[in-house]
Number of protein chains: 2
Amino acid sequence: MNIEIKHLRTLKMLQQTGSLVGAAQRLHLTQSALSHQLKGLEALCGSALFLRKSRPLAFTPAGKRLLALADLVLPAVQAAGRDLARLSGGQSGRLFLVIECHSCFEWLLPAMDVYREAWPEVEMDLTLGFSFEPIPALLRGDVDLVVSSDPVPIPGVVYEPLFAFQVMLALAKDHPLLEKPLIVPSDLQDQTLITYPVERERLDVFKNFLDPAGINPIGHRTCELTAMMLQLVASRRGVCVLPNWALAEYLARDYVAARPLGPEPMWGTLYAAIREDERHLSYMKEFLETAREVSFKNLKGIRVVKDSGFD
Amino acid sequence: MNIEIKHLRTLKMLQQTGSLVGAAQRLHLTQSALSHQLKGLEALCGSALFLRKSRPLAFTPAGKRLLALADLVLPAVQAAGRDLARLSGGQSGRLFLVIECHSCFEWLLPAMDVYREAWPEVEMDLTLGFSFEPIPALLRGDVDLVVSSDPVPIPGVVYEPLFAFQVMLALAKDHPLLEKPLIVPSDLQDQTLITYPVERERLDVFKNFLDPAGINPIGHRTCELTAMMLQLVASRRGVCVLPNWALAEYLARDYVAARPLGPEPMWGTLYAAIREDERHLSYMKEFLETAREVSFKNLKGIRVVKDSGFD
DNA sequence: AATAATCATCAATTGAATTCATAAAATTAC
DNA sequence: GTAATTTTATGAATTCAATTGATGATTATT
């Protein structure tokens, strides 16, 4: 055997995640596979590459040497990959994006910036999906990608998973519900719920949390902007359900508090809905990859999603 | 699948050899394997990488892009490999070499130069094996590597193949034997044969060519230096048997002529005899690899040897 | 035109990488 | 300090991909 790029990817991911399990997840492999792979690599190199008995993992000099190699090689490989994708046609295209929740700006804008560097010829646009039905627009060809956490199976549309996040209830810092470690549906009975202004059927809180339990909050008001929502929450005008990552910066600033939704912790998945026939376009694949990568870099508390959504 | 270093090696070798078969040989793979591998790689890249219908192979822009990547990546990988080998012990050692034929200088000195760059801590020496028995000296530990084309199975000694060469008979430019396309044993009956000054039993000409046919040349004289040998040959004082690569520069200068030994073309193999227990030392493995690489680069008409010699 | 060489392709095989199940070790919580 | 949880290691079975061997097509060479 010989050193391969795969090994460098593993090492690098090991560095980024600080654990075998973490790296395995992000690489879509089992922990066992990585353990075997690293054992083999260490045999090949003739020495240990990292110390297991320390958290986060510490690399030996040999490990560091390989990481240095990875830092040189991996970007070069990626750049070559992009050049190849361009050379083989499909270099220019259109990527009109739609988001349905404002907090997506947080990861989407940086992702678009990174992407634009590598694919300058792709025409990009970003619109909010509040005023129209995004999926029909996608099928019509008005737009090319819809960010959604609600994958309704529709012929001609595939849902590519981006990442998974935990669903949290944002609460004022002195809110009585903070007593509870976990929020169950009945806790919202006597609360005012603040949501984005989309139809009730497309709001996960109702569809997956309240409705199954037959609970209806006493109040409901809508708000377009996440920042505005949280201002309302902070001033005790209501509570709202948001993904953990959208909340992260507000929690860090101690602006509001939050509790996970239960009974068992509730995970949502964000998908990119695209037309099936565009699934294999190189500029499309690259965008999805970039989006995932940038998200994992910028957001705390999100997870890899194993397999693709509904086809 | 993804691009791997293996692919880059293949591409690079393809460039160096100019053909699939050639690259396959040097990589110790079948032509079929390379064909499949390249087909897969092209599918991955989305476009052809080289044009088959031209000799030597011509690379497409995509192929050239990957070659550029290879030129960046492969040296970096090799350097990292050396650093790792050093880190995992065995960084310094001793490498006393013995050669039994002067012409080996041609490839051995450049190989040593390349090697010394990467392994400055390894103590090197080179002696001629005319005045002593090299293999016993190897077993005693007086020397560490003997270059030999005569692999006698001896416990504790392994023969690592370096390359294969064609055995030629050097002849004066107007020699009558030039009429024949191939030299058979009986042709030497009435010739004076010039050899290196080693025991008759260790000379391939006798052992593998003349003795089996029961032929004895009319004359026999020895000579230490290849250049001197060829001077004698040129002045019609005799003929001598040499590997094609040792002859190459003299043939190019039109100083002497040559014919292959037959009936079927005779190939010899050059081995590095080393002690079995040192076979896996990293500085030893690296030396063998360097020697092969430099030889293939500098010598014309040599071949890869599939498998290792006697253990 | 005939011969030799190179390359592509198929089916069969080999071999390596991955998974699954489980044990061992280490970390965290109590 | 013990229990519980998480992380890593390992062995055997499986899966998947790469390699081979045989053969046919194509392209150079004579």
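Just so we're on the same page: letters track the sequence lines, and every chain starts at 1.
- Atoms CG (A:Leu20) and C1' (C:dT27) sit 15 Å apart, rounded to a whole Å.
- Heavy atoms of other residues, nucleotides or ligands lying less than 6.0 angstrom from NZ of B:Lys297 number 12 at most.
- Using a 4.0 Å cut-off between charged side-chain N and carboxylate O, B:Asp71 and B:Lys12 make a salt bridge.
- In this structure, the CG atom of A:Leu57 is 14 Å from the C1' atom of C:dA25, given to the nearest Å.
- In this structure, A:Asn2 places its CG atom 14 Å from C1' of C:dA16, rounding to the nearest Å.
- A straight line from CG of B:Leu51 to C1' of D:dA28 spans 16 Å, rounded to a whole angstrom.
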Give the intermediate values and the outcome of side chain to side chain contact (heavy atoms under 4.5 Å, CB included) for residues A:Thr269 and A:Tyr159. CA-CA 11 Å; A:Thr269 301; A:Tyr159 292 86; over 6 Å; no

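- Paired with B:Leu169 under the rule side chain to side chain contact (heavy atoms under 4.5 Å, CB included), one option of B:Leu182, B:Leu247, B:Val241 passes, and it is B:Val241.
- The two atoms that bring B:Val167 and B:Gly268 nearest to each other are CG2-N, 4.0 Å, heavy atoms only.
- Summary for the helix from C:dA1-D:dT30 to C:dC30-D:dG1: the axes at its two ends, each from 5 pairs, differ by 50° when rounded to the nearest 10 degrees.
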Which nucleotides of nucleotides 14-21 of chain D have their base under 4.0 Å from a protein heavy atom (B), which only their sugar-phosphate (S), and which neither (-), written as one string 5' to 3'? ----SBBB

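- Protein atom CZ of A:Phe50 is 11 Å distant from nucleotide atom C1' of D:dA9, rounded to whole Å.
- For the residue pair B:Gln37 / B:Thr10, a side-chain donor-acceptor distance below 3.5 Å is found, with atom types taken as modelled.
- Taking atom CG of A:Leu41 as the reference point, atom C1' of D:dT8 lies 17 Å away to the nearest angstrom.
- Each side chain to side chain donor-acceptor pair (under 3.5 Å) pair with one or both residues in residues 241-251 of chain B, not counting sequence neighbours, would appear here, but there are none.
- Judged purely by atom type and a 3.5 angstrom limit, B:Gln166 has no side-chain atom pairing as donor or acceptor with the backbone of B:Trp267.
- Atoms CD (B:Gln25) and C1' (C:dC7) sit 15 Å apart, rounded to a whole Å.
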